[in-house]
Structures are given as structure tokens and as C-alpha cells.
Amino acid sequence: MVFDVLTLFPRMFDGPFSESLLGRSQKAKRLDIRIHNLRDWADDVRHQKVDDRPYGGGAGMVIQAEPVYRALKDLGALKKGKGRPWVVYLSPQGRTLTQGLCEKISQRKHVILICGHYEGIDERVMSWVDEEVSIGDYVLTGGEIPAMVLVDAVSRLVPGVVGDPESVINESFSSGLLDHAHYTRPAVWKGLKVPAVLLSGDHKGIAGWRKAEALKRTKLKRPDILKKR
Ligand code: 4FV
């Protein structure tokens, strides 16, 4: 799966995308994450200016349409047909990112992520955006961290990225429930025991306990999910 990320702060991505699963999956060519500096498509090469004051006045700056449009063009987003990259703009106005939306986006072969900054991007470029996505109802300094969240959550669903596919299938939200509790050695810690069924080897019993646990926790912590379910 290919991700092209358009940002004014490319260095922000060094850490999250070079470590752990995402780092390994890029080395293994299961993922190709390419970070692009939007300033490379600025009008004036000297100042690399890509933002300007908002029409109608008001605080802050707005990212201009032209550099974003040029970048999308160079990244193939203006192509017609099936293989065209899917363009996602991260913004608080977007559809809230859920496991379901991650599963949908993970079906794509090539995704372009536009990271907003300042007050956002010129609305006229939205005609070339396929999907606006928000990671939650709060305002961040930029779309970079939302882009990292989306790449991480979607990449996990790309076959082979997560070592054991089972751990992707049986987890929070994929089963429509929160995850059950997890325990590991030692069997007794500070006098606290692990539920006996988990030490029993009775796989049917264990699966039953985990299902019941997941239901109980979901009812307790996220009853809204049960309603949706
Ligand atoms: C955001 C979010 C977010 C808004 C102004 C960037 C900032 C600045 N993006 N989910 N919540 N973006 O707060 O996706 O341009």
C-alpha cells in the first residue's frame, strides 16, 4: 500500500514512520510511505510561500489552492480511472475516523493525505479531495498527527503488516465490541491471580470467558457501541 503525505513539516514524520511495525513494513516493501514538503510546489521557489491571509479578514493564514493542486497533479490524483489515488484531507470538518472507515481506506492501493495547517486550505481545492477525515472533535495545530494516526490504523489492516492476522481480527471494534482483558506471567502478582479459566487450557471455555468479558466491558465503558451494534 502506498501513502503520499503532503505536509509543511515533513520532519514530524521521521519518528513514527521509522520505528516498529511501520518501519519494518516499509523495509519489507509491504508499505511505501512517501512524505512530501508542500513548499516544493510553491510559486516562488525563493520564499516557498504557500499560504496567505484569509479573504474577508480574520486571524491566521490559509494554505493556497495552487501548490496543493500542483502536488496532487504530480502525485497522479488528477488521473481518471480505477488506479487513481484516493485523496484524503485531514480536518475537524471531516467524517470521524473509525475502525470501519480504516477498513474501507485499507482497501485502497494508493492514498494521498493532505495535512492542513493554520486555518486550513483554500476551499476551492476540495473538488479534488475524495474524503475529509477527522480524528476527533478537538482542534490540533496541524493535520500531521491525524495523518500519522490514519496511516498507523490503516497500515495495520494491510495483509502482512501485523505479524499474526488473528490479532487484527479479534480486537476492539473489529468485533464490534471492546477487547477483553489480557493477562501474562506471573500467574500471581502482588497476590493478584489470573482468572483460572485462562490457565485451564479449555479453549472453548476461554473463548466463552473472553466473549463475555468483552460484552461486559463494552456495556460498562462504551454502551454507545452496543447501541450501534
Ligand atoms: C484535525 C482533527 C485538526 C485544524 C486547523 C489543523 C487542525 C489546522 N485534523 N482531525 N481534529 N486539524 O484539528 O483532523 O489546520
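All residue numbers in this chain count up from 1 along the given sequence. Order of listing sets the numbers, starting from 1, for every ligand and every atom in it. This is a predicted model, so every value here is computed, not measured.
Annotation: Arg53, atom CZ; neighbour count of heavy atoms from other residues, nucleotides and ligands within 6.0 Å does not exceed 12. Annotation for His203: atom NE2 does not count as buried by contact number, only 12 or fewer foreign heavy atoms lying within 6.0 Å.
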Pair Glu213, Arg210 - check salt bridge (Lys or Arg N to Asp or Glu O under 4.0 Å), show working. CA-CA 5 Å; Glu213 264 289 304; Arg210 284 176 168 168; over 6 Å; no

Take Asp122 and Arg124 through the salt bridge (Lys or Arg N to Asp or Glu O under 4.0 Å) test and state the conclusion after the steps. CA-CA 6 Å; Asp122 187 301; Arg124 291 168 288 184; 2.6 Å; yes

Please step through salt bridge (Lys or Arg N to Asp or Glu O under 4.0 Å) for the pair Lys104 and Glu131, ending with a clear verdict. CA-CA 12 Å; Lys104 191 169 125 333; Glu131 191 146 38; 3.4 Å; yes

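No side-chain heavy atom of Trp128 sits less than 4.5 Å from a side-chain heavy atom of Val87.
Ligand 1 has a nitrogen or oxygen under 3.5 angstrom from a nitrogen or oxygen of Ile135. For ligand 1, none of its N or O atoms has an N or O atom of Gly143 under 3.5 Å away. For the pair Thr141 and ligand 1, the shortest N or O to N or O distance does not fall below 3.5 Å. Residue-to-ligand polar distances place Tyr118 within reach of ligand 1: an N/O pair is separated by less than 3.5 Å.
Annotation for ligand 1: atoms under 4.0 Å from non-hydrogen atoms of Gly136 are 11 (N). Close approach to His117 involves these atoms of ligand 1, each under 4.0 Å from a residue heavy atom: 15 (O). Near Gly142, the atoms of ligand 1 lying under 4.0 angstrom from a non-hydrogen atom of the residue are 6 (C). If you number the atoms of ligand 1 from 1 as listed, the ones under 4.0 Å from a heavy atom of Tyr138 come out as 11 (N), 13 (O). For ligand 1 and Gly116, the ligand atoms under 4.0 Å from any heavy atom of the residue are 15 (O).
Looking only at heavy atoms of the protein, atom 13 (O) of ligand 1 is closest to Leu140 N, 2.8 Å. For atom 12 (N) of ligand 1, the closest non-hydrogen atom of the protein is Pro92 CD, 3.6 Å.
The proximity of Pro146 to ligand 1, defined as any non-hydrogen pair under 4.0 Å, is limited to the side chain.
With a 6.0 Å cutoff to the six-membered ring centre and a 45° limit on the axis angle, Arg70 does not count as a cation-pi contact of Trp41.
Taking 4.0 Å as the cut-off, Val133 counts as a neighbour of ligand 1 on heavy-atom distance.
In this structure, CG on Leu157 lies 5.5 Å from CD on Gln99, to the nearest 0.5 angstrom.
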Hey, can you pull the donor-acceptor pairs under 3.5 Å for the side chains in residues 13-20, sequence neighbours left out?
residue	atom	partner	partner atom	Å
Asp14	OD2	Arg11	NE	2.6
Asp14	OD2	Arg11	NH2	3.0
Ser18	OG	Asp14	O	2.6
Ser18	OG	Gly15	O	3.0

